[in-house]
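Both ligands and their constituent atoms are indexed starting at 1 by order of listing.
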Amino acid sequence: MAGKAPTGDPVQDAPDVTTPQHAAAGLPAVGHSLRIAQQQMGVRRTALTLLKVNQKNGFDCPGCAWPEPDHRHAAEFCENGAKAVAEEATLRRVTPDFFAAHPVSDLARRSGYWLGQQGRLTQPMYLAEGSDTYEPVPWERAFDIIAEELHALSSPDEAVFYTSGRTSNEAAFLYQLFARELGTNNLPDCSNMCHESSGSALSETIGIGKGSVLLEDLYQSDLIIVAGQNPGTNHPRMLSALEKAKANGAKIVSVNPLPEAGLERFKNPQTPRGLAGSGTPLTDYFLQIRLGGDQALFRALNRLLIEAEDISPDTVLDHAFIDEHTHGYEEFAAAARATDWDEVQRATGLDQDGIDKLLALVLDAKSIVVCWAMGLTQHKHSVPTIREVVNFLLLRGNIGRPGAGVCPVRGHSNVQGDRTMGVFERPSAAFLDALDREFGITSPREHGYDVVRAIRALRDGDAKVFFAMGGNFVSASPDTDVTEAAMRRARLTVHVSTKLNRSHVVTGARALILPTLGRTEKDLQASGGQFVTVEDSMGMVHASRGGLAPASPHLLSEPAIVSRLARAVFGPQSRVPWADFEADYSLIRDRIGRVVPGFEDFNAKVARPGGFTLPHGPRDTRSFPTSTGLANFTAAPVEYPAVPEGRLLLQTLRSHDQYNTTIYGLDDRYRGIKGGRRVIMIHPDDGASHGLADGAYADLVSEWSDGTERRADGFRVVHYPTTRGCAAAYYPETNVLVPLDHTADTSNTPASKSVVIRLEAATGRPAPEPA
Ligand SMILES: Nc1nc2c(c(=O)[nH]1)N[C@H]1C(S)=C(S)[C@@H](COP(=O)(O)OP(=O)(O)OC[C@H]3O[C@@H](n4cnc5c(=O)[nH]c(N)nc54)[C@H](O)[C@@H]3O)O[C@H]1N2
Ligand SMILES: Nc1nc2c(c(=O)[nH]1)N[C@H]1C(S)=C(S)[C@@H](COP(=O)(O)OP(=O)(O)OC[C@H]3O[C@@H](n4cnc5c(=O)[nH]c(N)nc54)[C@H](O)[C@@H]3O)O[C@H]1N2
Ligand SMILES: [Mo]
């Protein structure tokens, strides 16, 4: 069927399943990363490039947002960081000849894996209205096409400017300035699909939407709870931090429906013992929870803490902290006391004994950090869930002192920085006032579209131009068929990208691909070689400077692209010195220093090796810039997903061989799955009750409350030690199952970790499509 998303990799998808592993990293990880790197970049380039990752004079790893330790190893990267680097520094190239040989209708039949494997984009390409083939286009003509379409809009709010989290601070600052000079706050970003729930919950409760711990706090903590996160795959360098914390006496608890190998045991590839020996066991206690049960778990813990205090007054709760720094304790305590144990059991699947064990660890710990990622943020009730985590920490004053705090572990390497720079559809008035004062513009005050609202606007014809600074909007967004149809209604779609992806082939009437420099590459402008800056998950800002020759002489940097676009759109009458910014990024940093709090003297501070840490009121001085001026306890009703009889709850997650929609390979080594991605992991008892043996094939049908159904066919059933009733399958193949309207309350994040599905026995995998 024309335009239908391809289903996995029909030719190559033939999953081979063995038993899951119980330890992460070690020698196999080193070997695997070097193999992938050498395939993409050859031996010499691999050695030169990987040694520069995360070094003080090198570039920031384009993998995850985990911070760099102060004492760096010669090789401060991990297996998956090496894969991310190799993916960008690859020697393969996508040239105009490639596009001539592959019309869009052909590319639209290819899998995301195949598209990504073709290599780096080398020239700006234009798809004219009615054409099926991208053709090379000069940069100036490309900017004129965009200007033409933007000028034809009846309002700037008919344009949407998406950002993925790899964009540097400098580029992000210019980008949001461009959107606001144009007159719109339509700045959706990948954060809307990611940690938006963390931002919403933390802003309301502690007054700042960022984590409150530094690496040092993890090293000093007595208890680290890792809930809804798979660091062995997605933040491998976090395992080194957990290992160090453990050596200092910390206990580690993991809360997850899956027993993730990286959390069980870690073989540090940077120590001889880790390479060869059996490694360090990390998790002391594993709570195998039901999907979406975390709010109930933390509420139950909070009830137990309050009751323990009743029994032994002044020994459990931190009354001095609660009295001086918090608001709303009484109302919250009343709600916590009313917690219903049957409900907790239904929500979590855990018995009281299991929760009592966790309580004992909590009571023993003078300082606690809670870390989390997508397992907590992508549910309908994610915001109250994270607020409950905050309640838990506030009870014993576990915030704003050493070894304690909230640690939302961010995804993309600069997703936090992009937000700090103003990439946000709901900017604060203070931010816009500062921007307007600095540049003499008048930013719009109405809120813009987030990701889900942008898709609706495109679908309904209310948005007509879609511009993406990185990312793969079509594959990363929920409800693939709806999103693709929405995209096709646009007048113009534009992607600033390093690699080919599905968003380039599901286009508006006209489309542009603008190829850009990656992190690993030298950025030479009129004033000389440039560096950019990024902010990690713990609010540390530092420089990133690439060393490789650009993949093609035609590439422009992201700041240059925004600057030239702005000149094409606004002409000489703009009050913003756009050309100067392109020539010298330190001039952008001067402006950031005058607009964004914490960046005063930006150029001087970032010149220091290792950079600087942004101020954080709750962490630094226990000051909470909330509506009450205090840290807020909140008392929400306990929620958890309702799953009708005979149905399963599906989470859509990452394999070990992917970076979001970029597929590195078809293996998920730690989970024992090889050679294919169309798998559905279910508990053996659920397999038995559905009549689906391990190795059988099933079609997945999601059932949404409005009666609509969505299908993804031909998944190999894998009997897996997940919680009963809870299934897991990979994103983005299963995004087609996530209804657009199924989002978290308040944050509007797609609820990608709780999709109600039924399984229908299938005869096998779908027939391969003609190549
Ligand atoms: N190599 C690699 N690194 C990455 C990425 C990548 O794709 N590849 N992506 C980056 C990005 S953008 C992000 S946001 C992060 C994502 O990092 P993660 O959040 O670790 O990614 P997911 O694969 O979505 O894994 C979710 C984890 O939460 C668990 N989980 C799911 N639902 C629940 C629940 O209801 N309760 C609990 N307690 N646990 C649950 C799952 O079993 C799984 O272990 O990683 C970043 N780093
Ligand atoms: N079902 C389901 N859906 C999800 C999730 C889930 O867990 N389940 N997770 C969500 C999350 S947490 C996130 S963050 C989003 C991710 O959404 P996105 O950030 O939109 O997706 P990515 O796959 O990270 O984007 C990859 C593309 O970015 C481009 N790129 C790479 N490096 C650069 C660069 O330096 N500059 C530029 N301009 N482009 C570059 C390449 O062309 C590459 O193809 O997906 C979300 N979608
Ligand atoms: Mo993310």
Does [X] reach the side chain of [Y], with side-chain heavy atoms less than 4.5 Å apart?
{"X": "Tyr659", "Y": "His412", "value": "yes"}
{"X": "Phe99", "Y": "Leu500", "value": "yes"}
{"X": "Thr283", "Y": "Arg265", "value": "no"}
{"X": "His742", "Y": "Pro478", "value": "no"}
{"X": "Asn472", "Y": "Asn660", "value": "no"}
{"X": "His504", "Y": "Ser497", "value": "yes"}
{"X": "Arg290", "Y": "Leu350", "value": "no"}

Q) What residue among Val506, Asn735, Thr734, Leu740 forms side chain to side chain contact (heavy atoms under 4.5 Å, CB included) with Thr480? A)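 Of the listed residues Val506, Asn735, Thr734, Leu740, the side chain to side chain contact (heavy atoms under 4.5 Å, CB included) partner of Thr480 is Asn735.
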Q. Say you draw a straight line from CZ of Phe392 to CG of Leu297; how long is it, rounded to the nearest 0.5 Å?
A.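 Phe392 CZ to Leu297 CG: 9.0 Å, rounded to 0.5 Å.
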Element-labelled atoms of ligand 2 that are located less than 4.0 Å from some non-hydrogen atom of [X]:
{"X": "Thr516", "value": "36 (N), 37 (C), 38 (N)"}
{"X": "Ser497", "value": "39 (N), 42 (O)"}
{"X": "Gly470", "value": "37 (C), 38 (N), 39 (N)"}
{"X": "Tyr162", "value": "17 (O), 18 (P), 19 (O), 20 (O)"}

Q) Are any of the N or O atoms of Arg519 closer than 3.5 Å to those of ligand 2? A)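 By distance alone, the answer is no.
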Q | Asn501, any N or O under 3.5 Å of ligand 2 N or O | A |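 Min N/O separation from ligand 2 is below 3.5 Å for Asn501.
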(Q) Any atom of ligand 2 sitting under 4.0 Å from a heavy atom of Glu558? (A)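 In this structure, Glu558 qualifies as a contact of ligand 2 - some heavy atom is under 4.0 Å.
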(Q) One residue to check: Val496. Relative to ligand 2, which of side chain, backbone, both or neither has a non-hydrogen atom less than 4.0 Å away? (A)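 Both backbone and side chain.
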Q.
Given a heavy-atom cut-off of 4.0 Å, could you list the residues near ligand 1 in chain and number order?
A.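 Contacts of ligand 1 under 4.0 Å: Cys64, Asn80, Cys194, Gly228, Gln229, Asn230, Thr233, Asn234, His235, Val255, Asn256, Pro257, Leu258, Glu260, Ile289, Leu291, Gly292, Asp294, Ala373, Met374, Gly375, His379, Gly411, His412, Gln651, Leu653, Arg654, Gln658, Tyr659, Asn660, Lys753.
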**Q.** Test salt bridge (charged side-chain N to carboxylate O under 4.0 Å, His left out) applied to Glu484 and Arg502, step by step
**A.** CA-CA 10 Å; Glu484 293 199 347; Arg502 178 134 184 105; 2.7 Å; yes
